Protein chains: 2
Amino acid sequence: MEELLETREIIISSEKLGAFCGVNPAQVRKDLTFFGEFGVRGVGYNIGNLLHHIQKILATDKEWHLCIVGLGNLGHALVENDNMRKRGYNFVAAFDIDPLKIGTKLDCGLTIEPNSRISVLVPKLKIEIGVIATPPLMAQGVSNLLMSAGVRGIYNFVPVQVRTDACCVVENVDFTVKLENLAYHIGKIN
Amino acid sequence: MEELLETREIIISSEKLGAFCGVNPAQVRKDLTFFGEFGVRGVGYNIGNLLHHIQKILATDKEWHLCIVGLGNLGHALVENDNMRKRGYNFVAAFDIDPLKIGTKLDCGLTIEPNSRISVLVPKLKIEIGVIATPPLMAQGVSNLLMSAGVRGIYNFVPVQVRTDACCVVENVDFTVKLENLAYHIGKIN
DNA sequence: GCCTGTGAATCCATTCACAGCT
DNA sequence: AGCTGTGAATGGATTCACAGGC
């Protein structure tokens with residue numbers, strides 16, 4: 001989306017927007033009007049303006065504070081991932097229970113804290129989203145810690161279903177799901 | 001799903017199956033009958049039998065050969081991930097261009113090979129799926145290499161849209177998509 | 001009686017087509 | 001004339017409800 005700003009155009013039609021991301025122009029308009037009227041009839045959508053509104057809607061106009069729990073390879077990969085940072089998702093704390101890891105400084109500047117500090121650091125650093133990449137058995141316990149510390153959402157990379165209360169949203173990631181898609185499609189072709 | 005095998009039950013009803021994964025019982029039946037008649041009227045579905053059929057359908061009854069390209073933190077996390085291995089997705093080769101990494105032995109037993117060996121190792125090891133976790137600029141080049149080497153699917157962890165020919169399926173992973181979901185929901189609540 | 005398999009009914013998302021604004 | 005916003009039409013997926021087999 002940001003790419004569009006780099007073209008010299010100021011205005012874009014639902015037609016072009018649709019072509020750009022592979023959907024029907026009517027779809028684009030329906031979706032957009034669900035949130036408000038951002039276009040001008042007979043003209044189109046102001047790109048900068050539209051982007052601003054979308055950011056508002058997706059709440060990507062603000063900077064989010066995240067923490068990572070569990071610094072195995074995956075945990076590391078996530079904290080160092082600057083794609084997230086670029087989009088406004090900033091890791092401001094890192095937790096683990098391994099005494100060997102605690103105190104270690106990460107490339108991104110964070111120092112690994114013990115899980116026991118979750119309850120104090122989450123409120124202090126205004127952490128809204130907890131990302132978990134722990135061993136499976138720890139996932140539920142860590143989630144509970146995060147929730148009672150006041151986290152509003154949990155991004156779960158552990159292949160385990162995590163139970164939460166209503167005030168906390170969960171998104172699960174399971175790498176094998178998309179692999180199954182691939183496998184299914186490949187299997188169908190031959 | 002496998003978890004169900006561990007319960008003492010042998011037979012399960014569409015009702016319970018639905019409850020188990022949060023869908024309507026009729027949905028369960030419709031979906032299953034699409035592929036065949038696996039249940040017994042008045043009784044239910046034999047769990048072991050059903051699992052077998054599903055594995056057949058999803059082609060998870062066979063062992064898949066994968067390779068990883070790009071061994072940063074994420075690449076490491078993926079190859080070492082035994083959740084994939086358990087489900088039949090086995091990494092049988094690892095590639096990188098960094099001369100410092102080439103020749104290194106990974107915990108999983110693989111030795112990192114230079115990208116230049118992709119074209120020979122993919123056919124030799126019968127690799128069907130290539131997983132890419134390289135820097136963004138390399139992603140397209142690596143994909144081309146993989147495709148011409150005969151890979152049937154690409155699992156793309158790089159935040160870049162990769163073009164492929166029809167004979168090759170792509171699945172893209174972007175960690176920020178689910179973060180946007182979280183952010184949107186959290187934003188709506190308060 | 002119980003639970004599957006399935007046509008019919010319902011719901012929801014996508015698309016069409018046009019009225020209305022610039 | 002051009003393009004948005006939107007009711008109406010379409011189509012696909014979900015759910016209902018019951019016939020058929022255990």
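Letters A, B, ... are given to chains in the order of the sequence lines, protein chains preceding strands, and every chain is numbered from 1. Note that the coordinates shown come from a computational prediction; the quantities given were computed from them, not determined experimentally.
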- Message: Tell me the interatomic distance from A:E37, atom CD, to C:dG20, atom P, rounded to whole angstroms.
- Response: 14 Å
- With respect to the phosphate group of D:dC3, does any side-chain polar atom (N or O) of A:S14 fall under 4.0 Å of OP1 or OP2? no
- Would you mind reading off the distance between A:F35 atom CZ and D:dT4 atom C1', rounded to a whole angstrom? 18 Å
- Message: Is it the case that the base of D:dG5 and the side chain of A:R41 share a donor-acceptor contact (distance under 3.5 Å, atom types as modelled)?
- Response: no
- Fit a plane to each ring of B:F35 and A:Y184, take the angle between them on a 0 to 90° scale, and name the class: parallel (under 30°), tilted (30 to 60°) or perpendicular (over 60°). perpendicular
- Task: Nearest whole angstrom, please: distance from the P of D:dG5 to the NE2 of A:H53.
- Result: 11 Å
- Task: Report yes if a side-chain nitrogen or oxygen of B:S13 is closer than 4.0 Å to either non-bridging phosphate oxygen (OP1 or OP2) of C:dC3; otherwise report no.
- Result: no
- Query: Heavy atoms, side chains only, cut-off 4.5 Å: are B:I68 and B:L110 in contact?
  - Reply: no
- For B:S143 and B:V162, work out which heavy atoms get closest and say how close. OG-CG1, 3.3 Å
- Task: For B:F38, report the nucleic acid contact type (base, sugar-phosphate, nothing); a contact means any heavy atom under 4.0 Å.
- Result: sugar-phosphate
- Message: Between P on C:dG5 and CG on B:D31, what's the gap in Å once rounded to a whole number?
- Response: 12 Å
- Item | Proximal nucleotide (of D:dC22, C:dG5, C:dT4) relative to the B:T33 side chain | C:dG5
- Query: What's the CG-C1' distance between A:L32 and D:dC3, to the nearest Å?
  - Reply: 13 Å
Please report, to 0.1 Å, the donor-acceptor pairs under 3.5 Å made by any side chain of residues 166-176 of chain A, with sequence neighbours excluded.
unit_1	atom_1	unit_2	atom_2	d
A:E171	OE2	B:N181	ND2	3.4
A:N172	OD1	A:N156	ND2	2.7
A:D174	OD1	A:T176	N	2.9
A:D174	OD1	A:T176	OG1	2.8
A:D174	OD2	A:T176	OG1	3.3
A:T176	OG1	B:R87	NH1	3.0

- Return the 5'-most residue of the pair A:V43, B:G39 with respect to DNA chain C, ranking by each residue's nearest nucleotide. B:G39
- Task: Round to a whole Å and report the spacing from CG of A:L17 to C1' of D:dG5.
- Result: 15 Å
- Counting heavy atoms from C-beta on, name the nucleotide in D:dT14, D:dC22, C:dT22 closest to the side chain of B:Q27. D:dT14
- Report yes if a side-chain nitrogen or oxygen of B:Y45 is closer than 4.0 Å to either non-bridging phosphate oxygen (OP1 or OP2) of C:dC2; otherwise report no. no
- Query: Which one, C:dA17, C:dC16, C:dG7, comes nearest to the side chain of B:K30?
  - Reply: C:dG7
- Query: Which whole-number value in Å describes the distance from B:I11 CD1 to D:dC22 C1'?
  - Reply: 12 Å
- Query: With a 4.5 Å limit on heavy-atom distance, are the side chains of B:M138 and B:V69 in contact?
  - Reply: no
- Whole-Å distance separating the CZ atom of A:R29 from the C1' atom of C:dT14: 12 Å
